[in-house]
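A short worksheet on the structure shown next.
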Amino acid sequence: MRVLFYHNISVNAWHQAWREGRCPGHVMYGFTHLEKHGMECFSFDIPFDPYKNRFRLMCYVLLKVLSLHGRFDVIYAGTHRGLELVIFLRALGLIREPIVVWHHTAVVSSPKKWREALSKLFYKGMDRLFFFSEPLLERSLRTGKVAREKAALIHWGADLHFYDKLREKRKPGGYYISTGRENRDFVTLIRAFNRTRQVCEIYTTVKIGENDYREILRKQLDEPIADNVHLFFVETGYLELAEKVNDAKAVVICSFDRPYTVGLTTLVEAMALGLPVITTDNKNYPVDVAREGIGLSVPFEDPRAWVDAIDYLETHPEETEAMGRKSRSLAEHLYNLERFTGEVAAELRKVCEKGRTNR
């Protein structure tokens, strides 16, 4: 079975980094492990910035897919961005190979009839949609644009082999750490740690999408950053940041209320490393942090609740250690790359078998 994997990241460069131990395999959605399930998986890179001109990206991807006609049995995509024209052609029956796509948010409805009609045609062109959590899947089904038999919940999990090599070298640093970028609420996080004596290291980028974090902090943070809060704007690779996380006492994920699993990559990394977490209460997560006993969850934009959570971990060291053990156990039993890839492979086989039956 031949799988054409699509993503608008540099897949081949990332694959090489994984082979060299510089990045975990799960960031490529199983591309690194599908061969274990008897699948020949290949990809192509985008030779320009895929975020500058979306129409150019769509045209390039369409031409590339058409040029590879006959070389693959299914298209498996980590995102639909750039794949839109291919998906519409599939909906119209002009592309015969099935398309399987990760949907990072819930499917939504539009009040505009023309947009809703176009959207229904678009989702018709995807033979299977993968969702990170049950809440996202259920909300998508309620739109009527996604049939239940075309939606699948996949347990996205971390590359334990990558993180095990780090755990062997752990040197506890006694600090809390945040490594998130998208939709992070650093104002609330800084205000909280300003009111504690605990060290917090924050690693992020200056800009992500339309967000300029330096500008946001300048406008919204009405107090100086305390000496125990260390803010770094970096363009560091996965390995370097994972090494920092590995030595932390706990992982903190402070985000805004957005309709997707903000911070999930950070969460599964914490579980792989066996670290407790404090996170804003994102109901779209596939795991209930508090119920599973792997950490604490707090309301959105509530510095006082963050202070209470930090104080709790500091005053309950045995329970905090137990949270870390439960975190790792959850990764080993459910949220790991091996199980994740097995679930993906099973779904890819299903859509291919269905496609052959319908021809």
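Of the residues Phe44, Phe72, Trp14, Tyr76, the one that meets the ring pair (Phe, Tyr, Trp, His ring centres under 6.0 Å) test with Phe5 is Tyr76. Of the candidates Leu68, Val61, Leu63, Val65 forms a side chain to side chain contact (heavy atoms under 4.5 Å, CB included) with just one, namely Val61.
Rounded to the nearest 0.5 angstrom, Leu85 CG and Cys59 SG are separated by 6.0 Å. The NZ atom of Lys112 sits 12.5 Å away from the CG atom of Leu118 when rounded to the nearest 0.5 Å. Remark: Arg184 CZ to Ser178 OG distance equals 6.5 Å, nearest 0.5 Å.
Ring-centre distance between His15 and Phe42: not below the 6.0 Å cut-off. If you look at Phe256 and Phe300, their ring centroids are not closer than 6.0 Å. Between Phe340 and His155, the ring centre distance reaches or exceeds 6.0 Å. Centroid-to-centroid, the aromatic rings of Phe132 and His104 come within less than 6.0 Å. In this structure, Tyr60 has its ring center closer than 6.0 angstrom to the ring center of Phe48. Aromatic pair His33/Trp18: ring centres closer than 6.0 Å.
For the residue pair His103/Tyr123, the side-chain donor-acceptor check at 3.5 Å is satisfied. Side-chain N/O atoms of Thr279 and Ser297 include no donor and acceptor closer than 3.5 Å. Using a 3.5 Å distance cut-off with no hydrogens or angles, the side chains of Gln198 and Asn228 do not pair a donor with an acceptor.
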Go through the steps for His230 and Tyr203 under the test side-chain hydrogen bond (donor to acceptor under 3.5 Å, both in side chains), then give the verdict.
CA-CA 9 Å; His230 308 149; Tyr203 294 87; over 6 Å; no
Between Phe88 and Phe122, does the ring pair (Phe, Tyr, Trp, His ring centres under 6.0 Å) criterion hold? Intermediate values first, please.
CA-CA 6 Å; Phe88 277 120; Phe122 181 67; 5.4 Å; yes
May I have the step-by-step check of salt bridge (Lys or Arg N to Asp or Glu O under 4.0 Å) for Arg218 and Glu215, ending in yes or no?
CA-CA 5 Å; Arg218 185 183 68 81; Glu215 189 66 14; 2.4 Å; yes
side-chain hydrogen bond (donor to acceptor under 3.5 Å, both in side chains) evaluation trace for Glu269 with Tyr163
CA-CA 8 Å; Glu269 178 175 78; Tyr163 292 103; 2.9 Å; yes
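When all heavy atoms are compared, the tightest approach of Glu301 to Asp185 is CG-OD2, 3.5 Å. Heavy-atom minimum distance, Arg191 versus Leu221: CG-CD1, 3.9 Å.
Residues Arg139 and Val107 fail the side-chain proximity criterion, which asks for heavy atoms closer than 4.5 Å. Taking 4.5 Å as the limit, some side-chain heavy atom of Val251 sits within range of a side-chain heavy atom of Val245. For the pair Leu83/Asn8, no side-chain contact is recorded, criterion being any heavy-atom separation below 4.5 Å from C-beta on. The side-chain heavy atoms of Val289 and Leu296, taken from C-beta on, include no pair separated by under 4.5 Å.
Annotation: cation-pi pair Arg214/Phe233 present, NZ/CZ under 6.0 Å from the ring centroid and within 45° of its normal.
Taking 4.0 Å as the cut-off between side-chain N and carboxylate O, Lys326 and Glu321 do not count as a salt-bridged pair. Ion pairing between Lys350 and Glu347 holds under the 4.0 Å rule for side-chain N and carboxylate O. Under a 4.0 Å N-O distance rule, the pair Arg167/Asp247 does not qualify as a salt bridge. In summary, Arg90 and Asp127 engage in a salt bridge, as defined by a charged side-chain N under 4.0 Å from a carboxylate O. A salt bridge links Arg54 with Glu84; the closest basic N to acidic carboxylate O contact falls under 4.0 Å. The existence of a salt bridge linking Glu353 and Arg349 is excluded, since no basic side-chain nitrogen approaches an acidic carboxylate oxygen closer than 4.0 Å.
Sorted by first and then second residue, the pairs that involve residues 329-340 and meet side-chain hydrogen bond (donor to acceptor under 3.5 Å, both in side chains), not counting sequence neighbours, are Lys36-Glu338, Arg328-Glu332, Ser329-His333, Arg339-Glu343.
When the side chain to side chain contact (heavy atoms under 4.5 Å, CB included) test is applied to Pro135, the partners found at least two apart in sequence or on another chain are Ser133, Asn284.
For Glu40, the CD atom is loosely surrounded, since the number of other residues' heavy atoms within 6.0 Å does not exceed 12.
Cluster partners of Tyr260, using a side-chain heavy-atom cutoff of under 4.5 Å among ILVMFWY residues and allowing indirect links, are Val262.
Ring geometry for Tyr213 against Phe186 counts as perpendicular: the plane angle is over 60°, on a 0 to 90° scale with 30° as the lower cut.
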